[in-house]
Each structure stands twice: as C-alpha cells, then as structure tokens.
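I have placed the structure first, in the form of structure tokens, so that the comments after it can refer back to it.
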Amino acid sequence: MRKIYYLASCDTCKKIIKSLPSTAYLAFHDIRQNPITVAELEFMYQLSGSYEALFSKKAQLYKEKGLKNITLTEDDYKKYILEHYTFLSRPVVILDNEIFIGNSQPNVLKLQKALSNE
C-alpha cells in the first residue's frame, strides 16, 4: 500500500505534498471527504504500535473537549480518531510496511528520503 491520508484544506499538508518527489506514486485519501475506516486505522496502528502516535494533540477539539486535562487510554485515542478527522495527526503516509506520521521536520525529511531512494 502506498497512500497518503491528508486534509485537502490543510496548508501544511499541501506544502508537504508539494515537497515530495514528483516520482512518488501515492494514492491520495482526503480524510474529511472520505473518513478513515476501522480497518485503515487498525492497519496504521499495526505499523505505528500506538493509537496515541496517530493522535493529534494540536486539534482544536482536543482543547475544546478538555481532553488535555484527562488521561486518555489507547481505546480513547482510537475512539476519538474515528469520531472526528481532526484527531488524526496529518499527514499519515504509508509506504508498504513503513508509516510516516505528522508534519514534524524530521518526519518529513525521512519521508522525502524514503521516496527519493526508490
């Protein structure tokens, strides 16, 4: 599987996508238009080892719901990611059996390197 889960309206996602090599063949999945499924999230979990790693603590709903003031379990992270697309740390890129989560500079550089080495 070679897929990028992103938000089409997210400027950061757009910038990252534009920075990828033009030879990078990825299936694009806009998580607002096409919410991720339980099976897709479970596959991401298998690659990442944690729902928390897939969860965005930068989401506005995280603060609005007061989630930063409580201790969340892995089941909670899974539930919230499936409940609303903003809870998925974006973008998530899957290259076969490797996953790249979020928009941190080191993560984006690793992704660009992985795609350039193909």
Side-chain angles (χ1 to χ4, degrees):
M1 173 190 296
R2 298 176 57 83
K3 189 178 253 191
I4 182 167
Y5 294 87
Y6 73 108
L7 192 55
S9 61
C10 172
D11 288 337
T12 302
C13 287
K14 290 179 197 174
K15 183 177 144 194
I16 291 169
I17 290 167
K18 193 173 183 176
S19 77
L20 299 178
S22 60
T23 56
Y25 296 105
L26 299 169
F28 287 79
H29 184 126
D30 182 350
I31 58 175
R32 178 183 292 160
Q33 300 299 322
N34 187 10
I36 60 171
T37 65
V38 172
E40 288 170 321
L41 183 57
E42 287 177 358
F43 184 68
M44 291 178 197
Y45 171 80
Q46 293 301 317
L47 295 176
S48 68
S50 162
Y51 290 113
E52 184 177 6
L54 296 161
F55 187 85
S56 174
K57 293 182 179 172
K58 296 177 184 176
Q60 287 183 343
L61 282 178
Y62 180 69
K63 295 172 188 87
E64 289 174 16
K65 289 181 174 262
L67 300 178
K68 65 180 184 172
N69 301 322
I70 60 175
T71 303
L72 298 175
T73 66
E74 282 289 294
D75 286 339
D76 291 331
Y77 290 121
K78 179 182 178 181
K79 177 186 84 152
Y80 286 119
I81 291 169
L82 290 170
E83 185 178 286
H84 202 275
Y85 65 87
T86 60
F87 286 120
L88 182 67
S89 188
R90 312 176 293 278
V92 173
V93 179
I94 297 175
L95 300 179
D96 304 316
N97 288 318
E98 193 172 4
I99 191 166
F100 301 86
I101 304 164
N103 58 27
S104 72
Q105 178 99 9
N107 185 60
V108 173
L109 290 173
K110 277 176 39 182
L111 172 60
Q112 290 169 335
K113 184 176 180 182
L115 288 168
S116 295
N117 289 339
E118 295 181 337

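Hydrogens, waters and symmetry mates are skipped; everything else that's a heavy atom, side chains included, is used.
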### Task
Please test Q112 against L20 for side chain to side chain contact (heavy atoms under 4.5 Å, CB included), starting from the C-alpha separation and ending with a verdict.
CA-CA 6 Å; Q112 290 169 335; L20 299 178; 4.1 Å; yes
#### Entry: Pairing residues for T71 by the side chain to side chain contact (heavy atoms under 4.5 Å, CB included) criterion, not counting sequence neighbours
none
### Message
Checking Y45 now: which residues fulfil side chain to side chain contact (heavy atoms under 4.5 Å, CB included) with it, not counting sequence neighbours?
### Response
Y51, E74
#### Entry: Lys/Arg-Asp/Glu bridge criterion (N-O < 4.0 Å) met for K14, D11
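Counted as a salt bridge, because a side-chain N and a carboxylate O are separated by less than 4.0 Å.
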### Query
Could you give the distance from NZ (K79) to OG1 (T73), rounded to the nearest 0.5 Å?
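These two atoms lie 8.5 Å from each other.
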### Query
How long is the gap from CE on M1 to CG on N97, to the nearest 0.5 Å?
9.5 Å
Assigning hydrophobic clusters by single linkage (Ile, Leu, Val, Met, Phe, Trp, Tyr; side-chain heavy-atom cutoff under 4.5 Å), is [X] placed with [Y]?
X: I17; Y: I101; answer: no
X: L47; Y: I31; answer: yes
X: F100; Y: F28; answer: yes
X: I99; Y: Y5; answer: yes
X: L72; Y: L82; answer: yes

### Qualifying residues under salt bridge (Lys or Arg N to Asp or Glu O under 4.0 Å), relative to K110, sequence neighbours excluded
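Applying salt bridge (Lys or Arg N to Asp or Glu O under 4.0 Å) to K110 gives none.
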### Task
Indicate the atoms forming the closest heavy-atom contact of I94 with D96, along with that distance.
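Smallest interatomic distance, heavy atoms only, reads CG2-O, 3.5 Å.
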### Closest non-hydrogen atom pair, H29 against N34
NE2-O, 2.5 Å
### Query
Would one find more than 12 heavy atoms of other residues, nucleotides or ligands at under 6.0 Å from atom NZ of K63?
yes
### Query
Should we say atom CD of E64 is surrounded by more than 12 heavy atoms from elsewhere, each under 6.0 Å from it?
yes
### Query
Is the shortest heavy-atom distance from the side chain of M44 to the side chain of I81 under 4.5 Å?
no
### Query
Side chains of V93 and Y6: does their closest heavy-atom pair fall under 4.5 Å?
no
### Query
What residues form a side chain to side chain donor-acceptor pair (under 3.5 Å) with T37, not counting sequence neighbours?
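E40.
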### Message
Walk me through whether Y25 and L115 qualify under side chain to side chain contact (heavy atoms under 4.5 Å, CB included).
### Response
CA-CA 9 Å; Y25 296 105; L115 288 168; over 6 Å; no
### Task
Report the C-alpha distance between D30 and L7 in whole Å, list the side-chain angles of each, state the deciding distance to 0.1 Å, and finish with yes or no for side chain to side chain contact (heavy atoms under 4.5 Å, CB included).
CA-CA 5 Å; D30 182 350; L7 192 55; 3.8 Å; yes
Less than 3.5 Å apart, which donor and acceptor atoms pair up between the side chains of residues 54-62 and the rest of the protein, not counting sequence neighbours?
residue : atom : partner : partner atom : Å
S56     : OG   : K58     : N            : 3.2
S56     : OG   : A59     : N            : 3.4
K57     : NZ   : E52     : OE2          : 3.0

Using atom types as modelled, flag every donor-acceptor pair under 3.5 Å from a side chain in residues 85-92 to any protein atom, sequence neighbours excluded.
residue : atom : partner : partner atom : Å
Y85     : OH   : R32     : NE           : 2.8
Y85     : OH   : R32     : NH2          : 3.1
T86     : OG1  : H84     : ND1          : 3.0

